[in-house]
Structure formats: structure tokens, C-alpha cells
Chemist: 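Input: one structure, supplied below.
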Amino acid sequence: MYLSNFRYHRPTSLSEAVGLLDTMGQDARVLAGGQSLIPMMKLHIALPDDLIDLDAIGELSELSIEDGTICVGAMVRHRAFEHGSLAASMPILRDTVAGIADRQVRNRGTMCGSIANADPGGDWAPVLLAIGATLDVTGPGGQRSLAIGDFIVDAYTTGLAENEILSCVRIPIPTGRQASGYVALKRRTGDYAIASAAVRIDLDTGGACTGAAVALGSVATKALLVDEATDILRGQSPFERHAAERLGDAAAEACDPFSDNHGTVAYKRSLVKTLVMRALELAARRSRGETVDANSYT
Amino acid sequence: MQTAIPDATKRRIKITVNGHEYDREVDVSTLLVYFLRRDFGLTGAHVGCDTSSCGACTVLIDGRSAKACTMLAVQAAGHSLTTVEGLAAEDGTLHPLQIGFWQAHGLQCGFCTPGMLMSALDLLTEIPKPNDAEIRKAIAGNICRCTGYKNIVKAIAHAAAAMQSDVKQGDAT
């Protein structure tokens, strides 16, 4: 396949990249891992005049811990969350990457690129919504911070201005007793999820929930939060079957799926309920110290 | 690492391919797989689907597998590439993975083999003794249309075992 012509830029600092973007305007695109953008350019769905590659900006490959948050630079690949201490301490990150495409794509693709692409079927958006991530956005005037929920506007549409770059995702490191899990149903390797659910629970010392967040992927034009999650689980054990059912029902009600070759709207709502209940159980078991693989839940 | 040429549709890049450094001018819209095949004659990276699905174009970039059809050649600037041609030693001694595929009949038509080998190499660098499930997950991005997966998995396990015993022998001496 042949790409149409474009100009390629390889800045070596974030300020240079933002300056280029500011000059080039709306027909420029920012390139991180390129695992969505390059295929779209090959299909002539994306036809940028200018491509600004972040690869040579060393600082963007940093994965660091700062002020109680995990800072994920724009060039940190998915694979960074597959193994190691980070994956062990926040297993929901491993749940997420384990299902992203295939090994080669996880070696190249990035969390920030996936979020900035805002595909409604992306895995990171529901997970980052559930665990309350914030995003650093850098423009010519400096840096601002956006909650993930404000960043994702709609399908393939974000809160980024034309001259801004998503430079870092900040994931809060849990301070109290907290557990989370992500479950996605995918038919084959490389498919987007038919539906997915991320659940986070905050617990008191007695093991009752003090707060919760449930986020859904692939079942609306963007990832969405289930508003009632905390109200339903507050004061309850996360193992309480009746509460789990109510949580699943609320999620099935909150989502807005469309019918396609994977299933009807009714099927997808039913699937959402099941996935939410499984993700809750995954989080609940982790909250009492169990090591559980999300794969056993799909 | 490189100098922009005014029109920015061509670039001069420095790149390491199978241990040798090169300085080449390349059209920025050229995909890495075509750059390797046409400019270097390294036809081991196959163009199968050309849509990121089949993995026949898999090469290593700084030791990690990637699909060369889903990358611009200019993105590889300043990085080190390994293709299947770089797998055997300079004197022709085959890599344990190549021996594994030979011994365990890990190929039929052979079209997917270079990609399978490179994915397997990436796996064995990370997990030296993978179980069958880990091997299967590692080659999920590589399609064999002869569907000879069973022997491919055996071939990779064969190589892993051979590399382990080499390590042990090395320890003993």
C-alpha cells in the first residue's frame, strides 16, 4: 500500500513539537506509536499534510512516579504495563494491555496515542475513567491538566486544541484500600471489545465499600461512567450478590450500544451486566489479596 | 541523528541493520518493510497482508518485535533493526530457533516463518522458558495460513529448551 505525500518532522523537544503543530495547523497529525495512524494513512482515511513524530523526544518515553501518581509519557508503549512491579501493584493495567491487539502492536503502540485517538472501542479509556486519571496537555502557552472524562468528548473527538499534544497520563496511586479490575469480551486477537467493563472499589478496614467507579467501553460513542456506582455499593461488601446484580443492572441501563454483527442491543446490555459483575468480583478478590488473572473472567 | 532536507518529503537517516550502520536517504512515505526489501535486499521480511494483521513482516526494533508494514522507514531513524537475515551467526551457524523450526517441522510453505521466528525471538528474550500458553499468546499476531501452529509451538519450545541447556553448559564450564 502507498501513502499519499506528506511532510515529516522529527522534533527533539516537546516545545519544538508544539511549535511545529502550532505553525502547521489542522492538517498536521502527531505520531506516537503509529499503530492506528499509520494503518489509517495507508487506507487514505487519514491524509495529514504534516506528520510530527514524537519518537526523538526522549522525555516522552519516561514512565515515572511523581507526587503520588504514575506519569506515563506520550511515547511509553503498552508493553510497559505487561510485566514488572507496576503490573504487580496495579493489576488492572495488566488486565488492559493483555488484551490489546498482539505482541507487535503492544511493543509499538502507546497509552497516550490510544487515548488521543479516542476510538470508542479503545481499552484504556474505560480503565482510566474508573481509576480517575488526569492528562497533561501541552500547547504553545504551556501545560494544562484535564480529567480523562473531560478529555474524551465523543468518538474520535477529544478536548485537545489543534495546537496541543497529550504529553502525559497521570494515574493516581491508591492511598487507601482500593482494588480494581478490567474485563473485555473480544472474539479474536486484534479485535476491539464487543463490550468491556472497568470497576474500581474503595474499601474501609472492615471490607465494606466506601466508594466505587464503573466505566464501560465499546457500548456508546465514547467510554462512559455509571453514575450510580458509589450509591449502590456504599456500605456493602463487594462480594454481596444482590448489590452486584444492581450494579450490573444500572450499567446495562446506562450504556447505549448499537446493534451489529456481534449482537443486538438487548444482547449487549445483558453482556454489560455480566462483564460488570465479573469485573467487580475480580476487584473484590484482589481486595483481599488474591492474585487473579482477568483472563479467567472472559 | 539526521538532517532535514528542505522539502521534508525526503530525509537522510542513520540506521543500524543486522549490526551494520547505514546512512541512507529515504522518501518519508516509504514503509519500513519496503525500505528493507528494496534498499537493502532483505526480502526475509515478507509483505503478507500489508494491513497489520498477519505478522509476516515482523522485525525487531531495538530488540522488540514490530510489524514493518505498520511503520515508516523514517521512524526507525537512530534505532537498531534485526531482520530474519540477522538471526544466524556470520559464519552461517543457525540460531537455535531456526534449528528448532527445522527439527520440529515448524514450517510448511514457509511464508510466515520469518515473522514467526522474530516474534519468538522477542518472546524468548523476555521469557526464556515459556509454557505453551505463553508461546501461543506471543505468536497471536502471526498468522500461518497452512495452519501449522502445533509444530510452530513445538519448534519454539524446542529452541527454548536448547537455549536453556546451552546456558547450563556455559555455567558448568
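Just so it is clear: chains get the letters A, B, ... in the order the sequence lines come, proteins before strands, and each one is counted from 1.
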Chemist: Apply side-chain hydrogen bond (donor to acceptor under 3.5 Å, both in side chains) to B:Tyr34 and list each qualifying residue two or more places apart in sequence or on a separate chain.
Modeler: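 B:Tyr34 satisfies side-chain hydrogen bond (donor to acceptor under 3.5 Å, both in side chains) with B:Asp50 only.
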Chemist: Is it the side chain or the backbone of B:Met71 that comes within 4.5 Å of chain A heavy atoms, both, or neither?
Modeler: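 Both parts, backbone and side chain.
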Chemist: For A:Thr12, is it the side chain, the backbone, both, or neither that has a heavy atom closer than 4.5 Å to a heavy atom of chain B?
Modeler: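 Contact with chain B: none, neither part.
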Chemist: Heavy atoms under 4.5 Å from chain A: which residues of residues 85-97 of chain B carry them?
Modeler: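 Within residues 85-97 of chain B, no residue comes under 4.5 Å from chain A.
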Chemist: Which residues in residues 99-117 of chain B have any heavy atom lying under 4.5 Å from a heavy atom of chain A?
Modeler: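 Contacts with chain A: none.
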Chemist: Side-chain contact, heavy-atom cut-off 4.5 Å: A:Phe6 with A:Met41?
Modeler: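 They are in contact (side-chain heavy atoms under 4.5 Å apart), so the answer is yes.
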Chemist: Which region of B:Thr70, side chain (C-beta onward) or backbone (N, CA, C, O), has a non-hydrogen atom less than 4.5 Å from a non-hydrogen atom of chain A, or is it both or neither?
Modeler: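 Interface part for B:Thr70: both.
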Chemist: I'd like to know if A:Asp49 and A:Arg7 make a salt bridge, using a cut-off of under 4.0 Å between side-chain N and carboxylate O.
Modeler: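 Salt bridge between A:Asp49 and A:Arg7, a charged N being under 4.0 Å from a carboxylate O: no.
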Chemist: Under a 3.5 Å threshold, yes or no: a donor from one side chain and an acceptor from the other, between A:Ser114 and A:Asp123?
Modeler: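 A:Ser114 vs A:Asp123: no donor-acceptor pair found between side chains.
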Chemist: Answer with side chain, backbone, both or neither: which region of B:Ile139 has an atom nearer than 4.5 Å to a non-hydrogen atom of chain A?
Modeler: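 When you check distances to chain A, no heavy atom of B:Ile139 falls under 4.5 Å.
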Chemist: Do A:Arg77 and B:Asp62 sit within salt-bridge range, that is, some charged N less than 4.0 Å from a carboxylate O?
Modeler: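 No, this pair does not count.
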Chemist: A:Asp53 and A:Tyr8: side-chain donor and acceptor closer than 3.5 Å?
Modeler: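 The criterion, which ignores hydrogens and geometry beyond distance, is satisfied for A:Tyr8 and A:Asp53.
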Chemist: Sort by residue number and list every residue of residues 99-111 of chain A having at least one heavy atom under 4.5 Å from chain B.
Modeler: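 From residues 99-111 of chain A, the residues near chain B are A:Asp102, A:Arg103, A:Gln104, A:Val105, A:Arg106, A:Asn107, A:Arg108.
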Chemist: Within 45° of the axis and under 6.0 Å from the centre of the six-membered ring of B:Phe40, does NZ or CZ of B:Arg24 qualify?
Modeler: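 The answer is yes; both the distance and angle limits are met.
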Chemist: What is the minimum heavy-atom distance between A:Ala46 and A:Leu37, and which atoms define it?
Modeler: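 Residues A:Ala46 and A:Leu37, closest heavy atoms: CB-CD1, 3.9 Å.
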